[in-house]
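Remember, it's a predicted structure, so these values are computed and weren't measured experimentally. Reckoned from all heavy atoms, side chains included, excluding hydrogens, waters and symmetry mates. Atoms within each ligand, like the ligands themselves, are counted from 1 in listed order. By convention here, the first residue in the shown sequence is residue 1.
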Amino acid sequence: MKMIMRWFGEGNDAIPLKHLNQIPGVEGVVWALHDVPAGEVWPENKIVEVKEQAESQGLHIEVVESVNVHEDIKLGRSTRDYYIDNYITTIERLAEAGVKVICYNFMPVFDWTRTNLYEELEDGSTALFFENKKIQNMDPNELVRTISKNSKFTMPGWEPERLEQLSSLFEQYKEVTKEDLWGNLQYFLERVIPVAKANDIKMGIHPDDPPWSVFGLPRIITNKEDLQRFIRLVDDPYNGITLCSGSLGANPENNVPDIIKQFADRIHFAHIRNVRTYDNGDFIETSHRTEDGSVDIYKVVEAYHESGFNSYVRPDHGRHIWGETCRPGYGLYDRGLGIMYLWGIWDSLQRNTKGE
Ligand SMILES: O=C(O)[C@@H](O)[C@@H](O)[C@H](O)[C@H](O)CO
Ligand SMILES: [Fe+2]
């Protein structure tokens with residue numbers, strides 16, 4: 001596996017690049033131009049700037065997360081072709097810079113959803129938490145306030161310009177069924193995948209987080225059956241998956257190792273993290289260790305290993321520990337510990353198979 005680590009950019013992340021380079025086995029950054037609104041073409045000079053910064057620290061920029069999909073594409077509005085054209089230009093520019101994988105998602109309005117970014121765990125650390133009952137009675141605007149007031153950085157997936165139009169977006173999605181969303185995804189893929197292929201960039205859709213509908217908005221990438229349908233929309237290796245163990249794992253019915261084995265050849269990017277789930281539908285993010293959560297991370301890594309997985313991996317989120325001040329979920333320390341746990345499992349599996 002090729003270990004990489006998410007970095008939000010100079011002035012937009014509390015962690016200096018050189019610290020990422022000091023984590024054993026980290027070879028690149030997962031990045032994006034977070035200040036470019038969804039739907040706009042990424043400027044070449046800004047792409048080159050990040051490339052130079054990363055490479056000066058010995059890190060590559062082969063994986064981008066995310067090139068966000070404009071809502072008009074998800075809504076299937078008549079303006080979608082304009083935004084898809086822009087998306088395509090961005091793909092071409094990223095290929096030019098040496099990018100190999102683009103992660104994106106197709107969730108209406110909200111990206112990941114949590115009710116508390118700093119829920120306390122037994123050991124005094126804090127982590128992202130989803131309280132099922134709370135969300136059911138919550139006004140979406142209140143959720144936006146909770147997420148944005150908690151962080152001094154703009155949260156990815158919660159960009160102000162998109163959220164300003166919240167009520168109008170909700171209005172427009174009233175008409176959109178799950179089947180419509182599938183159709184709009186297919187339309188997008190049919191235009192984008194051939195370009196990605198011609199530019200040797202693999203596309204990897206991120207599953208919905210959590211993998212069920214929130215605020216009545218349709219969500220379609222939630223389990224094995226959805227992924228099966230997804231890969232057939234455009235049956236080409238370039239139409240692939242960012243397999244997120246924490247997103248899918250929030251639903252105890254998803255057997256993540258099994259899903260990995262089934263789709264291994266279409267997984268271009270792995271997000272590995274653990275969550276502890278509760279019977280009432282709540283879940284909290286935990287350390288990577290299998291014992292600490294409900295997802296069997298040992299079996300997750302084993303499934304990748306057995307499948308001969310040789311693509312990119314990142315520790316997804318981490319807890320906030322040791323007094324670190326950081327982006328919610330994206331501290332240095334717990335993700336660094338997570339990486340070492342993943343390497344520990346991977347290296348021993350390697351040795352065992354080689355019989356060393
Ligand atoms: O929760 C996170 O931070 C990520 O896993 C997602 O925001 C992810 O970057 C997007 O869904 C990908 O488009
Ligand atoms: Fe993820």
Side-chain angles (χ1 to χ4, degrees), residues 4-9 12-13 15 29-34 36 38-39 63-71 73-74 87 90 101-117 127-130 147-148 150-151 153-159 162-163 185 188 192 202-211 214 217 219-222 227 230 240-251 254 256 259-260 267-275 283-286 288 293 295 297 300 311-320 326-331 334-335 338 342:
I4 52 180
M5 182 92 154
R6 196 170 195 185
W7 183 67
F8 290 90
N12 195 29
D13 197 311
I15 304 165
V29 288
V30 181
W31 64 285
L33 296 181
H34 294 282
V36 179
V63 180
V64 165
E65 173 178 350
S66 299
V67 181
N68 284 326
V69 177
H70 194 274
E71 293 299 330
I73 300 175
K74 296 180 230 167
Y87 206 99
T90 298
V101 170
I102 294 175
C103 163
Y104 68 102
N105 71 73
F106 216 74
M107 285 176 258
V109 192
F110 298 117
D111 190 319
W112 53 274
T113 310
R114 300 289 184 276
T115 49
N116 185 3
L117 303 178
L128 275 67
F129 176 61
F130 180 91
I147 304 276
S148 20
N150 263 299
S151 175
F153 299 110
T154 306
M155 302 294 283
W158 294 84
E159 297 80 4
R162 188 140 46 116
L163 301 170
L185 176 55
F188 170 72
V192 158
K202 301 212 167 83
M203 298 295 294
I205 198 167
H206 190 284
D208 303 340
D209 182 358
V214 279
L217 296 163
R219 287 196 158 187
I220 55 175
I221 308 292
T222 66
L227 289 168
F230 168 79
I241 302 165
T242 297
L243 202 293
C244 182
S245 66
S247 298
L248 291 169
N251 180 352
N254 284 331
V256 182
I259 294 177
I260 293 167
I267 302 175
H268 304 315
F269 185 19
H271 282 185
I272 307 187
R273 81 174 137 89
N274 210 341
V275 282
F283 62 88
I284 187 156
E285 300 186 359
T286 62
H288 279 71
V295 182
I297 298 296
V300 164
S311 294
Y312 305 92
V313 177
R314 76 168 176 88
D316 204 15
H317 305 161
R319 302 163 302 150
H320 320 110
C326 57
R327 282 181 162 277
Y330 284 99
D334 203 37
R335 286 188 300 152
L342 300 178

Open item on the list: Check whether R327 reaches the backbone of N12 with its side chain - one donor and one acceptor, N or O, closer than 3.5 Å.
Closed with: yes
- [ ] Output yes when a side-chain donor or acceptor of T242 lies under 3.5 Å from a complementary backbone atom of F269, and no otherwise.
- [x] no
Task: Protein residue, atom and distance nearest to atom 2 (C) of ligand 1, heavy-atom basis - done: H317 NE2, 3.0 Å
Open item on the list: Just to be sure I'm reading this right: ignoring hydrogens, which of W112, F106, Y330 gets closest to atom 3 (O) of ligand 1? Compare them by their nearest heavy atoms.
Closed with: Y330
Task: Nearest-contact summary for atom 5 (O) of ligand 1 - protein heavy atom, Å - done: H206 NE2, 3.2 Å
Open item on the list: Only N/O/S atoms count here: what is the atom of D316 closest to the Fe ion (ligand 2) called?
Closed with: OD2
TODO: Please round to the nearest 0.5 Å and tell me the distance separating atom CD1 of I220 and atom CZ of F106.
DONE: 6.5 Å
Open item on the list: Please list, in number order, the atoms of ligand 1 under 4.0 Å from a heavy atom of Y104.
Closed with: 13 (O)
Open item on the list: Return the closest protein heavy atom for atom 9 (O) of ligand 1 as residue, atom name and distance.
Closed with: E65 OE2, 2.4 Å
Open item on the list: Does any N or O of ligand 1 fall below 3.5 Å from an N or O anywhere on R273, backbone included?
Closed with: no
TODO: Could you check E285 against R319 for side-chain contact (heavy atoms from CB on, under 4.5 Å), going step by step and ending with a plain yes or no?
DONE: CA-CA 7 Å; E285 300 186 359; R319 302 163 302 150; 6.0 Å; no
- [ ] Give the residue and atom name of whichever protein heavy atom lies nearest to atom 12 (C) of ligand 1, and the separation in Å to one decimal.
- [x] S66 OG, 2.9 Å
TODO: Could you check atom 6 (C) of ligand 1 against the protein and tell me its nearest heavy-atom contact, residue, atom and distance included?
DONE: D111 OD1, 3.6 Å
Open item on the list: Treating Y330 as the side-chain partner and I15 as the backbone partner, does any N or O pair qualify as donor plus acceptor under 3.5 Å?
Closed with: no
Task: Side-chain donor or acceptor of R114 paired with backbone N/O of N116 under 3.5 Å - done: no
- [ ] Take the angle between the ring planes of F283 and F130 and call it parallel below 30°, perpendicular above 60°, tilted in between.
- [x] parallel
- [ ] Please indicate whether any nitrogen or oxygen in D209 is less than 3.5 Å from any nitrogen or oxygen in ligand 1.
- [x] no
Open item on the list: Quick one: does any side-chain atom of N251 pair with a main-chain N or O of P211 as donor and acceptor, under 3.5 Å?
Closed with: no
TODO: Considering the heavy atoms of R6, write down every atom of ligand 1 situated less than 4.0 Å from one of them.
DONE: 2 (C), 3 (O), 4 (C), 9 (O)
Task: N, O or S atom within H271 nearest to the Fe ion (ligand 2), by name - done: ND1
TODO: Heavy-atom contacts with C103 under 4.0 Å: which atoms of ligand 1 show up? List them by number with element.
DONE: 12 (C)
- [ ] Could you list which atoms of ligand 1 come closer than 4.0 Å to a heavy atom of D316?
- [x] 5 (O)
Open item on the list: Just to confirm my numbers, could you give the angle made at the Fe ion (ligand 2) by NE2 of H206 and SG of C244, rounded to 10°?
Closed with: 100°
TODO: Enumerate the atoms of ligand 1 whose separation from the nearest heavy atom of N105 is less than 4.0 angstrom.
DONE: 10 (C), 11 (O), 12 (C), 13 (O)
TODO: Could you pull out the closest heavy-atom pair between L128 and G329, with the gap in Å?
DONE: CD1-N, 3.6 Å
Task: Test item: S245 side-chain N/O and R273 main-chain N/O as donor-acceptor pair under 3.5 Å - done: yes
